[in-house]
Every structure is written in C-alpha cells, then in structure tokens.
Amino acid sequence: MKTLTLIIVGLILIQPPSAMAGDEEDVAAVLKKLWVDISNKKINTSTISSNGVWQAKSSGGLWDLLTPNEVITMINDSPNNLKFRPHHIEVGIVGKNKDVAHVNYYLVGTIAGPDGKIITKDYRTRASEVMVKKDNTWVTVSSHYSPLHGGMGVILD
C-alpha cells in the first residue's frame with residue numbers, strides 16, 4: 001500500500017501544473033474591472049505588465065509598446081470618455097505552467113466628449129488580450145482591438 005501511495009504522489013508531483021480553479025473567472029473579473037476603471041478614468045497599473053503592453057488600437061495603425069504610465073496618460077489625459085462594456089468573454093488558459101491567458105471578447109458602448117456630447121454612439125469592436133500571471137495577479141501584456149462590421153472604432157478628433 002505504501003508503494004502505491006508513493007507512486008500516486010510521485011505522478012501528481014511530476015504532472016505540469018494545471019490551471020488553478022477560478023483562473024478563467026479571475027481573468028474575466030480583471031477585464032471587467034479594467035473597463036469600469038477606464039470609464040471612470042481610474043486605471044489600476046497593477047493589471048498592466050511592468051514591462052508595458054503591446055497595443056493595436058481600433059483607430060488603426062501599427063502596434064505600439066506603451067508603458068503603464070503611458071496607458072494611464074492616454075486614458076486620463078484624453079478629453080473623451082470611453083464608456084465600454086465587454087461582452088461574450090472567452091478565456092483560454094495556456095502555457096506549460098498555465099500562466100498565460102488568451103482572452104477574446106466584444107466591446108460595445110459610446111465615446112463622449114468633454115462636454116458629455118456623444119462622439120461615437122455605436123462603438124463596437126472585437127478585442128483580444130494576452131495576460132500573464134505574475135505573483136498570483138493577471139496582468140495584460142498585449143491588447144488588440146478592431147472595429148466590428150457595422151460598428152465604429154475610436155474616432156480621433
């Protein structure tokens with residue numbers, strides 16, 4: 001019996017770690033809170049990789065590496081207010097250590113100017129994020145947004 005117990009324990013220990021229960025839910029919660037924070041212009045940098053985030057915006061253009069401070073400045077210093085909500089969030093946990101998440105979802109909402117006037121009334125875009133688990137916290141390392149057919153991306157003034 002001792003031998004069987006040792007074999008079972010040994011097999012458990014050599015297995016690669018699987019995604020912890022709740023990781024998918026944790027990633028979705030971080031994402032939902034991020035968009036609430038963006039709407040309130042109060043971004044929490046603990047959800048952005050300290051190395052920065054590669055980002056492709058829905059207004060088009062090339063990939064851009066932004067530091068956490070540049071992300072905050074981009075949102076907080078903008079005269080416009082992004083009121084987006086994520087929908088149909090799909091999370092996949094991957095990687096040898098199950099510490100990488102790939103997230104696909106849709107963003108819908110409006111963009112309001114500094115006077116509250118709606119600039120974009122039908123913001124709809126496809127979104128994907130790559131997040132990594134650092135010190136038990138999911139942080140974003142890459143974000144890609146592209147306008148959804150029939151919707152609008154970010155309109156620059």
Side-chain angles (χ1 to χ4, degrees), residues 18-157:
S18 59
M20 298 295 290
D23 276 343
E24 291 178 1
E25 293 82 3
D26 291 347
V27 168
V30 166
L31 188 68
K32 289 175 185 177
K33 182 169 181 344
L34 170 69
W35 289 106
V36 168
D37 290 348
I38 288 173
S39 291
N40 294 322
K41 294 191 175 209
K42 295 187 187 293
I43 298 177
N44 180 349
T45 57
S46 70
T47 62
I48 301 168
S49 170
S50 59
N51 296 324
V53 60
W54 282 99
Q55 189 173 83
K57 300 176 187 95
S58 62
S59 57
L62 303 175
W63 284 98
D64 196 12
L65 178 61
L66 302 173
T67 67
N69 285 338
E70 288 172 325
V71 172
I72 290 170
T73 299
M74 179 179 65
I75 298 300
N76 292 347
D77 290 356
S78 171
N80 300 331
N81 196 347
L82 311 177
K83 295 284 188 181
F84 303 155
R85 294 170 315 283
H87 292 274
H88 306 291
I89 300 169
E90 296 290 333
V91 179
I93 306 294
V94 297
K96 179 181 174 185
N97 296 320
K98 302 296 183 190
D99 59 351
V100 178
H102 183 267
V103 190
N104 294 313
Y105 60 100
Y106 298 100
L107 273 178
V108 299
T110 61
I111 301 173
D115 58 358
K117 180 182 174 192
I118 300 297
I119 298 170
T120 303
K121 67 178 179 168
D122 191 19
Y123 182 88
R124 291 188 292 168
T125 192
R126 294 173 296 250
S128 63
E129 312 275 345
V130 176
M131 301 172 91
V132 295
K133 197 172 193 179
K134 299 262 186 180
D135 299 324
N136 241 11
T137 302
W138 289 98
V139 297
T140 302
V141 296
S142 178
S143 301
H144 182 265
Y145 309 98
S146 58
L148 189 58
H149 181 71
M152 301 171 138
V154 172
I155 297 173
L156 302 174
D157 293 341

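Note that the structure is predicted; figures quoted are calculated from it, not measured.
Heavy atoms of other residues, nucleotides or ligands lying less than 6.0 angstrom from NZ of Lys41 number more than 12. Within 6.0 Å of CG in Asp135 there are 12 or fewer heavy atoms belonging to other residues, nucleotides or ligands.
A donor-acceptor pair under 3.5 Å is absent between the side-chain atoms of Asn40 and the main chain of Lys42, judged by distance alone. Not a single donor-acceptor pair under 3.5 Å links the side chain of Ser128 to the backbone N or O of Asn104. Remark: the backbone N or O of Ile75 is not paired with any side-chain donor or acceptor of Ser78 at under 3.5 angstrom. Formation of a donor-acceptor pair under 3.5 Å by the Thr140 side chain with backbone atoms of Ser142 is not found in this model.
Taking both residues in full, the closest heavy atoms of Ser49 and Val141 are given as CB-CG1, 3.7 Å, listed atom of the first, atom of the second, then distance. Residues Val27 and Ala101 approach most closely at CG2-CB, 3.9 Å, considering heavy atoms. In terms of heavy atoms, Arg124 sits closest to Val108 at CG-CG1, 3.8 Å. For the residue pair Asp99 and Trp138, the shortest heavy atom distance occurs at O-CZ3, 3.6 Å.
Taking CD1 of Ile119 as the reference point, atom CG of Asn81 lies at 10.0 Å (rounded to 0.5 Å). The distance from atom CH2 of Trp63 to atom CG of Leu65, rounded to the nearest 0.5 Å, is 11.0 Å. Separating the CE atom in Met131 from the CG atom in Asp23 is a distance of 11.0 Å, to the nearest 0.5 Å. Between the NE2 atom of His88 and the CG atom of Leu107 there is a distance of 12.0 Å, given to the nearest 0.5 Å. Here the straight-line distance linking atom CH2 of Trp35 with atom CZ of Arg85 works out to 12.0 Å at 0.5 Å rounding. For the atom pair His87 NE2 and Tyr106 OH, the distance stands at 12.0 Å (nearest 0.5 Å).
Side-chain atoms of Ser58 and Tyr123 include a donor-acceptor pair closer than 3.5 Å. In the model, Thr67 has no side-chain atom that pairs as donor or acceptor with a side-chain atom of Asn69 under 3.5 Å. With no hydrogens or angles considered, a side-chain donor-acceptor pair links Glu129 and Ser143 at under 3.5 Å.
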Report the C-alpha distance between Met74 and Gln55 in whole Å, list the side-chain angles of each, state the deciding distance to 0.1 Å, and finish with yes or no for side chain to side chain contact (heavy atoms under 4.5 Å, CB included).
CA-CA 12 Å; Met74 179 179 65; Gln55 189 173 83; 3.4 Å; yes
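When side chains are defined from C-beta on, Asn80 counts as touching Pro114, because their heavy atoms get closer than 4.5 Å. The shortest distance between side-chain heavy atoms of Arg126 and Tyr105 does not fall below 4.5 Å. Residues Phe84 and Thr110 form no side-chain contact, since every pair of their non-hydrogen atoms from C-beta on lies 4.5 Å or further apart. Looking only at side-chain heavy atoms (C-beta outward), Ile93 and Val100 stay at 4.5 Å or farther from each other.
Between Pro68 and the options Ile43, Thr47, Ile48, a side-chain contact (heavy atoms from CB on, under 4.5 Å) holds for only Ile48. With Ile72 as the partner, the side-chain contact (heavy atoms from CB on, under 4.5 Å) test is satisfied by one option alone out of Asn44, Thr45, Asp77: Thr45.
Under the 6.0 Å cut-off for aromatic ring centres, Trp54 and His144 do not qualify, their centroids lying 6.0 Å or more apart.
In this structure, Asp26 does not pair ionically with Lys133, as no charged nitrogen and carboxylate oxygen lie closer than 4.0 Å.
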